[in-house]
There are 2 protein chains.
Amino acid sequence: MVTIDDVAKAAGVSRATTSYALRGDPRIAPGTADKVRHAAARLHYTANLSARSLRSGRNGVIGVAIYELDRAYPSEMSAAMSREIARRGCQTIVQQTANSKEGEIAILQKITSQLCDGMIFSPGNVGDAELKYLSHGKPMVLLDDSSTAPVFDSVDTPCEEGAAQAIRHLAGVGCRDIVVIGPDYRLLDDEFARNGVEGRRLAGCISALEDVGMRVMPDMFVHTTWDAGSARRRAHELVRSGRRFDGAFCLTDTVAMGFIRGLADCGARVPDDVAVVGFDGVAEGASFVPSLTTISVDLEDLARKAIDLLMRRMCEDAGHPLPPRRVVAGYQLVERESTKRG
Amino acid sequence: MVTIDDVAKAAGVSRATTSYALRGDPRIAPGTADKVRHAAARLHYTANLSARSLRSGRNGVIGVAIYELDRAYPSEMSAAMSREIARRGCQTIVQQTANSKEGEIAILQKITSQLCDGMIFSPGNVGDAELKYLSHGKPMVLLDDSSTAPVFDSVDTPCEEGAAQAIRHLAGVGCRDIVVIGPDYRLLDDEFARNGVEGRRLAGCISALEDVGMRVMPDMFVHTTWDAGSARRRAHELVRSGRRFDGAFCLTDTVAMGFIRGLADCGARVPDDVAVVGFDGVAEGASFVPSLTTISVDLEDLARKAIDLLMRRMCEDAGHPLPPRRVVAGYQLVERESTKRG
DNA sequence: TTGAAAGCGCTACCAT
DNA sequence: ATGGTAGCGCTTTCAA
């Protein structure tokens, strides 16, 4: 293991000078700095991150803790974060929180907050107060925070607007009987859940349905977990039940593809019999048959905004903490075959 | 920040005793250990990983460095690794190597090897010799290593066997004109490339084609990058060229779905006109229309074998290194609609 | 069975 | 402009 002392010796300067030179401190003379850099390169020196971290409390690593790594949307999001962080000259480590026997709490406390200068976290069931001490005082930006009185910065997906636009689009292509696949209608009764992703998308639907003059009925909302298999079964049940519908807004793309697949199983054609819109804009929607119309979240924008918030927080004066800020990611309705009629 | 000294003071013992007690060292008396654990819990103490790592060189974290996080196969694989590692009581950090301006080398050297006790790495263009020093001497298991004279342990996807079975399956459902979408036929000339994933799958195809009595012709192999968009365009070109074919084996599921999508664009029906088999077994293949027949790699098995190799290496006696071992992951042909005829 | 103390590699303060 | 050095929090050797 080659240490900073080896480099210092090779360059004929002190350890302190080596440290400064390697980090580009301006007070080191250009000639000296060059000598040091050469020695470091020759010896293949890399600073020991643990030591640096222990000493200075910073190591240039940003953590992204995400629920599931094997679903399209979160993994595309992690990749976007990773790119954006690299653009700022930092490194990313990604953690999957779902599978740990100790859960997301342990991961945050034991790993993410320790190995990183800051983190992006998608909160599941941990409250703000708990997050505060799990974060070890390090900056954290949440994704789709449901808190009514936010403590952390957060970047949200454009739930209300996106859902509303999806409904208007369906109405626009002539749908008269719209169903919404995903949300539990009863969740509107719960103040906390109403603030979450599902609640906000549901709210967007309801307001848009009213806008386009459709009567909002509980049986328009078909509850399902957000995976393709469940959505597919819901489609089977819905068709078998005899309920008529000519448009479906699905709360995620994965749900939409499962639902379309289920309709195909029953011989219902998309878009001719039923027009379908998803939400997320995952890559696979483009090669699906039929290709999927979707509310496509601008992940580059989401990542940029999240990292902006995080960097701002990392630079803040500890004595004068900034109030928590909340921003919404951009999005775009991408029209494809699943709603293309006539 | 609560340190081990705070816990020691609270428990009324020394720092050393606290350290031993917290890690369950048997030489500490049960009563003392209990006292210490209580104090630690009361203070919400968590050991500082950087300090632990700096001092002992171990921290219970395993790194997974993967090329792209936003494609189905690598992200499902990372998730499987993450689960398997959790099962052994360790933590996982995942890194995407593709987007760093410094590249996979820098990531390995600067992050993965530093923050982890061991790593799983999917090598791109880095040679064994270079990997050796980038690994900081820490154990590393490669995924689909192409080396002719391996230096590291490696777990491989069942390329030859899987590809061969795919071809036999196509022949079995009556295909007489098979095309293979993905590989560059000329790559057989290159000894290194021949050892890679593409080369081995290609080799499997060729041997199976001969087995089933088909003449192997270069124009059966359609070169494409492994993404849905390119595969889709290849389908367009192939249909337009007038070449006849009634079966296609695609080197990955993503390629297969793009190719099927391209066939659909041209009005060719799957499986009636063309039967299609993919490779990987990604989740989305099940809800694709038509659902995708595929050589499904057993990711749980792959992860288990990889972590077994890594753990073995982490326990080895440094004086007597074990020779590199190479194992192959299990797989299964999953028959679905894309090859279901009659 | 427990405690004292050295030191992992680095950064940052202070001195020169 | 450069160097000496304390010390981040922990583990581990050695002594008691």
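Numbered from 1 within each chain, the chains take letters A, B, ... in sequence-line order.
With sequence neighbours left out, the salt bridge (charged side-chain N to carboxylate O under 4.0 Å, His left out) criterion links B:R326 to B:D156. For the side-chain hydrogen bond (donor to acceptor under 3.5 Å, both in side chains) test, no residue two or more places apart in sequence or in another chain qualifies with B:E76. Qualifying ring-ring contact (aromatic ring centres under 6.0 Å, His included) partners for A:H44, counting only residues two or more places apart in sequence or in other chains: B:Y133.
Under a 4.0 Å N-O distance rule, the pair B:D308/B:R312 does not qualify as a salt bridge.
Residue pairs satisfying the salt bridge (charged side-chain N to carboxylate O under 4.0 Å, His left out) criterion with at least one member in residues 46-71 of chain B, sequence neighbours excluded, are listed as follows: A:R83-B:D70, B:E68-B:R71.
Terminal axes of the helix from C:dT1-D:dA16 to C:dT16-D:dA1 (five pairs each, C1' rotation axis) are separated by 40°, to the nearest 10°.
One finds the CG atom of B:L115 at 9.5 Å from the CD atom of A:Q91 (value rounded to the nearest 0.5 Å).
Nearest nucleotide to the B:S14 side chain, out of D:dT2, C:dT1, C:dG3: C:dG3.
Taking atom NZ of B:K35 as the reference point, atom P of C:dT1 lies 14 Å away to the nearest angstrom.
A side-chain N or O of B:T17 and one of B:S14 form a donor-acceptor pair less than 3.5 Å apart.
Side-chain N or O atoms of B:D117 include one that pairs as donor or acceptor with a backbone N or O of B:G60 at under 3.5 Å.
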Nucleotides 9-15 of chain C: protein proximity per nucleotide (B base, S sugar-phosphate only, - neither; heavy atom, under 4.0 Å)
BBBBB--
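Residue A:T32 is in sugar-phosphate contact alone, with no base atom involved, counting any heavy-atom pair closer than 4.0 Å across all strands shown.
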